[in-house]
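Report on one structure; see the data block that follows.
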Amino acid sequence: MATKLIVNALGKENLQAAYKKADTLVFLLCKECLDYVGNLALPENITKALKLYTDKYKDIFDCEDEHIFTAFDEYRLVNVIIVGCGQGKDCKPVNFRKAAGVSARALDKVQAQNAVLLAPALLNASRAHYLAATCEGLLLGAYTFEKYKSEAKAPRVCDLNILTNVDEQDKVLAEAKIIAESVILTRDLCNTPGNELNPVGMEQAARKVAAETGMKIEVLGPKQMEVLNMNSLLAVAQGSKAEPRLIVLKYQGAADAPFNAYVGKGITFDSGGISIKPSDGMEEMKDDMTGAGDVLGAMRAIALLKKPCNLYGIMSCAENMPGDNAQRPGDIVKAASGKTIEVLNTDAEGRMVLADAVWYAGQLGAQKIVDIATLTGAVIIALGTQTSGIVANDDDLAAAIIKAGKFSGENYWQLPSLPECKKALKSDVADIKNSCGRAGGVITGGLFIGSFVKEGLPWAHIDIGGTSTAASTDGFLIKGCTGFGTMTLIKLAGEF
Ligand code: BES
Ligand code: MN
Ligand code: ZN
């Protein structure tokens, strides 16, 4: 399946002409919205059909599945798609994003070519965030990954006009499209398997974004890493034929504001190394570069949206393989910060590549650091697959992430980072160990990274181990890699 949606705003003055042309009408409705369908100046038969249908099916407001029926209107048939947006207080942009995602696939089902989307909430001039969420949801819900299908057909194109009265609607839609395209960039990278995308591939993707946006880019390879004593990142990479890359994008959108940094884990495939993973599900580890993908997607959007902030986007990329030069359990390496690490488990590699990367962010002068990583499986046990974990040394920074997530429909939960938890990281033979058992695995993983952040800098770590892949298609998420985090990082820029 594939329908490419061309999303545009539709003003009331062109509504009647649009109705005549449309083969499909999409309604995003909450229970309370139903009272306002009179404002949509619908063709008479459609109003009647809608009334009959909503009287009969009372549960259509659950923001879950679509309802599709065909109505007869002046000698022609029109597809009607209804997707619920909740009831009362639940009718929020977050639900619009989900409902729009559902409707994108419904449009594909009915093979729509020309559609009008209607939601009473979008008639309110000040509901820009509803319009943005609707557009994002449509484009993300229509996402497919078919690059490796030999028989992929050219997608059907559907013109989708959203009836809206929102102020600056064209600007709102243009921005929402940039955001959705950037999440799609992240998803595409994450869905690409390890044989097709290694750290050098990440460099190529980042150079493309730098060229597209005019951002500066600096890329460190093994030689430069050696000069900087980045032995922690190098140790992870040494078991693979693929060379590591530390990729730095620099965005300057404010004259003299301090630079902050996003730092993403970019393991293009995580076999576990010598502490090899069980084979069941190992293929999922192609998306162990989601953190880096998030950083790249977010930096692209931030630059194109010209957000007024200064930001580094750092991607720490390596492949974790058990080659004959691989690091061994028991090895001790000295990270760039000078701290020594006892490698108890080569599968705890994310924290090792991030140790040198967050240190480097400090060297570059970053004033605040947010790292994002598919760091642990433990986060799935702690928080499930809908919520990412936060470990931070600064509650305000954690709160800013949670707030940005509320806006983008991505959930977070902050875990405690007590000094007692740090004790568990003490090694008998080195300064710190990279693995310390099952208890509080999300917290200890985060605190390991935090111990390489320059003293005194506010820092927060986001663990997306449970949210980077979706087991099934739902709302604006498509089965496979979700790109979770990209939207949050875009929203967060300039707000921390
Ligand atoms: N990339 C994995 C974490 C992961 C596993 C994310 C499954 C999503 C699904 C990470 O590198 C890893 O292997 N972590 C270990 C850490 C442990 C050895 C301390 C884990 O979670 O088991
Ligand atoms: Mn691992
Ligand atoms: Zn990993």
Side-chain angles (χ1 to χ4, degrees), residues 220 222-239 244 246 248 261-267 273-275 291 312 314-318 320 326-373 375-376 391-394 417-437 439-463:
L220 310 186
K223 294 219 169 66
Q224 292 96 326
M225 291 174 193
E226 270 165 38
V227 174
L228 292 162
N229 296 312
M230 294 184 165
N231 300 313
S232 185
L233 169 50
L234 283 165
V236 172
Q238 75 191 32
L246 189 77
V248 183
Y262 289 155
V263 183
K265 168 177 171 179
I267 299 296
I274 295 297
S275 316
Y312 288 110
I314 303 177
M315 288 152 266
S316 194
C317 302
N320 189 22
Q327 63 173 339
R328 293 147 288 254
D331 281 4
I332 297 174
V333 295
K334 190 173 191 164
S337 76
K339 260 199 183 124
T340 55
I341 303 168
E342 181 187 12
V343 184
L344 283 177
N345 191 322
T346 66
D347 198 11
E349 85 297 338
R351 62 199 74 186
M352 291 184 72
V353 300
L354 287 170
D356 284 339
V358 295
W359 170 83
Y360 194 60
Q363 292 299 108
L364 291 172
Q367 295 298 299
K368 291 183 184 177
I369 298 175
V370 174
D371 82 72
I372 181 158
L375 204 81
T376 69
V391 175
N393 67 7
D394 185 284
S417 52
L418 305 169
E420 287 80 355
C421 302
K422 277 191 192 144
K423 280 191 200 149
L425 286 162
K426 286 220 157 96
S427 159
D428 294 336
V429 289
D431 298 332
I432 194 167
K433 58 187 178 192
N434 80 332
S435 162
C436 46
V442 186
I443 299 172
T444 53
L447 290 177
F448 178 97
I449 299 165
S451 75
F452 293 86
V453 170
K454 196 167 158 185
E455 199 66 40
L457 291 189
W459 152 84
H461 156 74
I462 304 175
D463 193 335

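We number each residue from 1, following the sequence as shown. Computed from a prediction, not measured in an experiment: that's the story for all the values here.
Nearest heavy atoms, Asp347 versus Ser275: CB-O, 3.8 Å. Residue Cys421 comes nearest to Thr444 through the heavy atom pair O-CG2, 4.1 Å, listed as atom of the first residue, atom of the second, then distance. Annotation for Leu344 and Ser435: closest pair CD1-O, 3.6 Å, computed over non-hydrogen atoms. Between Ala373 and Leu354, the shortest heavy-atom contact is CB-CD1, 3.6 Å. Annotation for Ile443 and Ser417: closest pair CG2-CA, 4.4 Å, computed over non-hydrogen atoms. Nearest heavy-atom pair across Gly362 and Ile369 is N-CD1, 4.2 Å.
Of the inter-residue distances, the one linking Asn231 atom CG with Ile332 atom CD1 reads 13.0 Å to the nearest 0.5 angstrom. Atom CD of Glu342 and atom CG of Asn434 lie 8.0 Å apart (nearest 0.5 Å). Interatomic distance, CG of Asp371 versus CD1 of Ile449, reported as 4.5 Å (0.5 Å rounding). The distance from atom CD of Gln363 to atom OG of Ser337, rounded to the nearest 0.5 Å, is 9.5 Å. Residue Met225 holds its CE atom at 11.5 Å from OG of Ser232, rounded to the nearest 0.5 Å. Atom CE of residue Met315 and atom OH of residue Tyr262 lie 13.0 Å apart, to the nearest 0.5 angstrom.
Between Leu234 and Pro244 the shortest side-chain heavy-atom distance falls below 4.5 Å. At a threshold of 4.5 Å between non-hydrogen side-chain atoms, the residues Lys339 and Trp359 do not count as touching. Residues Lys334 and Asn229 form no side-chain contact, since every pair of their non-hydrogen atoms from C-beta on lies 4.5 Å or further apart. Side-chain atoms of Met230 and Gln224, non-hydrogen and from C-beta on, never get closer than 4.5 Å to each other. Annotation: side chain of Thr346 is in contact with side chain of Pro329 (closest heavy-atom distance under 4.5 Å). At least one side-chain heavy atom of Val236 sits under 4.5 Å from a side-chain heavy atom of Gln327. Residues Ser316 and Asp356 form no side-chain contact, since every pair of their non-hydrogen atoms from C-beta on lies 4.5 Å or further apart.
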Between Val358 and Leu457, does the side-chain contact (heavy atoms from CB on, under 4.5 Å) criterion hold? Intermediate values first, please.
CA-CA 11 Å; Val358 295; Leu457 291 189; over 6 Å; no
Requested in this report: Go through the steps for Leu375 and His461 under the test side-chain contact (heavy atoms from CB on, under 4.5 Å), then give the verdict.
Outcome: CA-CA 10 Å; Leu375 204 81; His461 156 74; 3.8 Å; yes
- Kindly determine whether Arg351 and Thr376 satisfy side-chain contact (heavy atoms from CB on, under 4.5 Å), including the steps that lead there. CA-CA 10 Å; Arg351 62 199 74 186; Thr376 69; 4.0 Å; yes
(request) Take Ile432 and Ser451 through the test side-chain contact (heavy atoms from CB on, under 4.5 Å) and record every step on the way to the result. (result) CA-CA 9 Å; Ile432 194 167; Ser451 75; 3.3 Å; yes
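Not one N or O on the side chain of Glu455 forms a donor-acceptor pair closer than 3.5 Å with the backbone of Val453.
Ring-plane geometry between Phe448 and Phe452 is classed as tilted, the angle between the planes lying from 30 to 60 degrees on a 0 to 90 degree scale.
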